[in-house]
Amino acid sequence: MTINQKTAQLLKRVAAVFWISEGDTFRYRAYINAAVAVDNLTVPIADIWEQGKLDSVPGIGEKLVSYLDEYFSTGKVRHFDSIMKRVPSGMFSLMEIRGIGPAKSYKIANKFQLDNQDTAISDLKKILSKGELFKVAGFKEKSIRNLKKSLRSHKTKSNRMLLAQALEIAGEYITYLHKSPLISKAEPLGSLRRKLPTIGDIDIAFCSHNSRESMQYALKYPKIKTVILKGDKVARVRLENGISVDLKSSDVKMWGSLLQHYTGSKLHNIQLRKYALEKGLSLSEYGIKKDGKIYRFKTELSFYNFLGLEYIPPELRESTGEIELSRSKKIPKLVKLSDIRGDLHIHSDFVYPSSHDHGSNPLTEILNQASLQGYEYIGISDHNPKFQGLKESKKVEILKNRRKYLENEYKECENDVKLRVKYLLIGMEVDIRPDGSLALSDSALSLLDYVIASIHSSFDLTIEANTRRIINALSHPKVKILGHPTSREINKRESIKADWDKIFDFCFKNNKILEINASPTRLDLPDDLIQKAVSKGVKMIVNTDSHSSEQLQNMQYGVWHARRGYAKKKDIINTLDFKNLRQVLEL
DNA sequence: GCCGTTTTCGGCCCGACTGTTTTCAGTCG
């Protein structure tokens with residue numbers, strides 16, 4: 001469990017106690033809102049706490065700042081501990097079961113005196129097998145059957161899946177939906193549409209004149225394992241692969257409202273509804289209620305405009321200030337995939353003793369794919385020859401041979417109109433060593449058109465050490481680009497710690513470029529740091545880090561991610577034509 | 001407990017679905 005999940009869980013538990021012991025639903029909601037906000041953060045909340053910016057998280061106010069301060073400095077909150085004693089603590093474990101919330105978990109834990117969080121789930125299983133849950137009011141045959149079902153699929157929380165995986169799974173389902181003549185439109189919504197790097201559940205909406213029949217068709221999808229919830233408008237299923245899918249059906253007349261509602265985020269919608277209430281309007285998935293009359297919207301644009309707001313792209317709907325921008329008509333024009341004119345982080349199949357993996361496709365195949373994507377230029381940036389065990393003269397020879405190999409390949413297809421990518425740059429991705437020096441000598445570096453410097457080792461240095469290390473590497477005149485800056489790997493490795501303010505200021509002053517690595521397993525810079533870089537005027541480049549020609553198509557993921565970070569065309573240097581790109585990179 | 005373009009008090013997003021209920025509570029997103 002991440003620190004954010006853990007913190008959110010704590011807040012949810014405290015919320016439950018306020019509801020159960022005091023019936024205080026408003027304080028309950030306040031704690032739940034805070035929990036949701038924490039759960040949705042894209043950065044570890046402990047980092048925000050370290051920076052003293054907890055109060056910038058929506059839903060966290062003065063009181064919670066002080067409680068969380070105590071939590072992060074001592075590991076506990078005395079106030080929380082004392083109020084949590086009011087209930088049998090086994091209920092907190094039961095709350096993790098789907099379908100069991102504060103009220104039901106309290107009833108069960110109270111009746112059977114489940115005081116131990118660690119054994120509460122197994123205790124409940126025993127109670128169920130003895131058939132004793134009937135003793136608790138409100139539990140009868142159906143609810144007990146559902147509880148047993150939930151318990152069977154109750155496991156430790158698995159990782160959220162990557163956006164790329166989720167899009168594929170959703171895509172298959174949508175292909176199935178489109179086969180029905182009843183269904184005119186079907187789209188992925190929720191976090192999938194907002195293009196979050198990771199996805200929990202998949203949301204799919206479809207449009208039909210016959211809600212009931214089209215939902216029946218949707219529930220016949222062959223890959224469904226179980227139907228969890230079934231209505232005409234909303235259903236939830238679990239697929240054979242264990243992934244949950246939420247299905248929503250709508251009429252064409254209110255498609256816009258439905259898209260808006262189920263795209264979320266939850267916090268964006270809550271904020272939007274509060275804003276609407278101030279104007280005497282009430283929002284829902286059916287439209288906008290004004291003086292008892294409901295207005296319906298076929299498009300999201302008309303929905304937002306009715307509220308006096310500028311259209312907000314889904315990637316920005318995270319309650320990070322987008323509604324204020326929209327009110328003052330200052331939503332930025334975000335970079336688009338079609339703005340991209342090249343990719344400078346591609347690995348070729350040239351074989352040599354390399355420090356890391358080389359690519360799997362020859363340049364001709366890379367060029368073929370690049371021209372399909374309409375690129376004007378590409379840059380090959382293989383990893384540097386391994387640092388130890390090779391003589392300097394050998395490294396220089398490798399670099400010379402590589403250039404020859406790539407240039408020959410390029411020449412061979414130069415006349416092929418189909419493979420017409422006008423410019424080829426031959427660069428390298430060079431390791432930043434723990435002390436900030438580069439893993440390649442100056443004489444070897446001079447053989448390259450450009451250099452991307454990246455961290456591939458010693459990830460757990462201190463903030464100060466990493467900051468020094470990165471600035472040191474970027475200080476080399478040959479280094480123009482910082483590759484996958486935080487070196488995070490989604491679900492696998494946390495971002496390194498560094499003083500990004502300081503690094504970004506250095507980049508701005510010295511014309512250094514930050515990479516937005518488009519690999520779905522990295523998406524690095526993270527979106528909040530992209531937003532920071534944009535605000536500081538630091539330039540960025542979206543690169544795929546392709547190790548095969550196919551991966552050039554990952555550019556889309558990088559662009560989506562850049563958009564989540566409020567990046568405009570002018571913030572991204574590979575939207576420039578080659579002439580201007582050369583100037584920026586001082587080639 | 002949070003929050004503010006009717007601000008420091010007095011409100012607090014909206015609706016679907018389910019089960020156990022005779023009109024609603026709980027849970028979820």
Side-chain angles (χ1 to χ4, degrees), chain A residues 11-12 14-20 22-37 39-40 55 57-68 79-80 83 94-108 134 136-147 149-150 189-191 200-203 205 211 215 227-236 244-250 254 257-258 260-289 294 308 319 323-324 327-328:
Chain A
L11 294 171
K12 276 182 197 158
V14 177
V17 181
F18 282 125
W19 183 15
I20 296 302
E22 293 178 21
D24 189 343
T25 54
F26 291 117
R27 191 143 51 159
Y28 165 75
R29 248 177 242 163
Y31 272 81
I32 290 291
N33 285 343
V36 170
D39 211 16
N40 284 342
D55 61 350
V57 179
I60 294 185
E62 201 181 333
K63 274 279 185 61
L64 281 174
V65 167
S66 80
Y67 292 145
L68 290 177
H79 175 59
F80 289 176
I83 64 156
L94 304 188
M95 276 170 60
E96 305 298 320
I97 303 167
R98 176 177 277 281
I100 301 294
K104 290 181 182 172
S105 62
Y106 174 74
K107 270 191 190 170
I108 298 172
F134 282 107
V136 182
F139 282 93
K140 295 207 165 169
E141 199 181 338
K142 276 188 176 173
S143 55
I144 289 176
R145 194 164 58 222
N146 285 340
L147 175 54
K149 209 166 160 189
S150 295
L189 302 186
S191 50
D201 296 341
I202 290 174
D203 292 285
S211 258
M215 186 57 91
V227 176
I228 299 170
L229 173 151
K230 183 168 67 177
D232 289 349
K233 291 168 179 140
V234 174
R236 179 174 308 124
S244 295
V245 181
D246 282 0
L247 299 159
K248 343 268 181 185
S249 131
S250 161
M254 23 191 181
S257 316
L258 184 92
Q260 196 289 321
H261 179 83
Y262 285 114
T263 296
S265 64
K266 185 180 170 71
L267 292 172
H268 172 84
N269 283 355
I270 289 176
Q271 213 190 332
L272 201 62
R273 291 195 202 115
K274 284 180 180 168
Y275 163 77
L277 274 181
E278 289 169 20
K279 302 187 148 204
L281 308 170
S282 171
L283 310 185
S284 77
E285 58 264 55
Y286 302 116
I288 300 176
K289 232 185 277 175
I294 186 147
S319 186
I323 292 174
E324 289 79 357
R327 287 168 83 154
S328 50

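Protein chains get the first letters and strands the later ones, always in sequence-line order, with residue 1 at the start of each. Note that the structure is a prediction, hence the values are computed from the model and not measured.
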Integer angstrom distance from the [atom1] of [N] to that of [M]:
N	M	atom1	result
B:dG10	B:dG15	P	27 Å
B:dG1	B:dT6	P	28 Å
B:dA16	B:dG11	C1'	26 Å

Q. A:E324: what forms a salt bridge (Lys or Arg N to Asp or Glu O under 4.0 Å) with it, not counting sequence neighbours?
A. none

**Q.** Non-neighbouring partners of A:D55 that pass salt bridge (Lys or Arg N to Asp or Glu O under 4.0 Å), sequence neighbours left out
**A.** none

**Q.** 5'-most by nearest nucleotide on DNA chain B - A:E324 or A:A30
**A.** A:A30

Q | Nearest-Å distance for atom pair NZ/C1', residues A:K274 and B:dG4 | A | 11 Å

Do any side-chain atoms of residues 57-68 of chain A form donor-acceptor pairs under 3.5 angstrom with protein atoms, and if so which ones, sequence neighbours left out?
from: A:S66; atom 1: OG; to: A:K63; atom 2: O; distance (Å): 2.9
from: A:Y67; atom 1: OH; to: A:H79; atom 2: NE2; distance (Å): 3.3

Q) In chain order, what residues pass the side chain to side chain contact (heavy atoms under 4.5 Å, CB included) check against A:I288, with sequence neighbours excluded? A) A:L281, A:L283, A:F297, A:F303, A:F306, A:L307

(Q) Going by the glycosidic torsion and a 90 degree boundary from 0, is the base of B:dT22 oriented syn or anti? (A) anti

Q) Of all residues at least two apart in sequence or in a different chain, which pass the ring-ring contact (aromatic ring centres under 6.0 Å, His included) check with A:F139? A) none

Q: Summarise protein proximity over nucleotides 19-29 of chain B in one line of letters, 5' to 3': B for base, S for sugar-phosphate only, - for none, counting protein heavy atoms closer than 4.0 Å.
A: SSS----SSSB

(Q) Under 4.0 Å between a side-chain nitrogen and a carboxylate oxygen: does that hold for A:E285 and A:K233? (A) no

Q) Is B:dT8 paired to anything, Watson-Crick or G-U wobble with both distances less than 3.5 Å, and if yes, which nucleotide? A) none

Q: Using a heavy-atom cut-off of under 4.0 Å over every strand shown, decide if A:R29 touches base, sugar-phosphate, or nothing.
A: sugar-phosphate

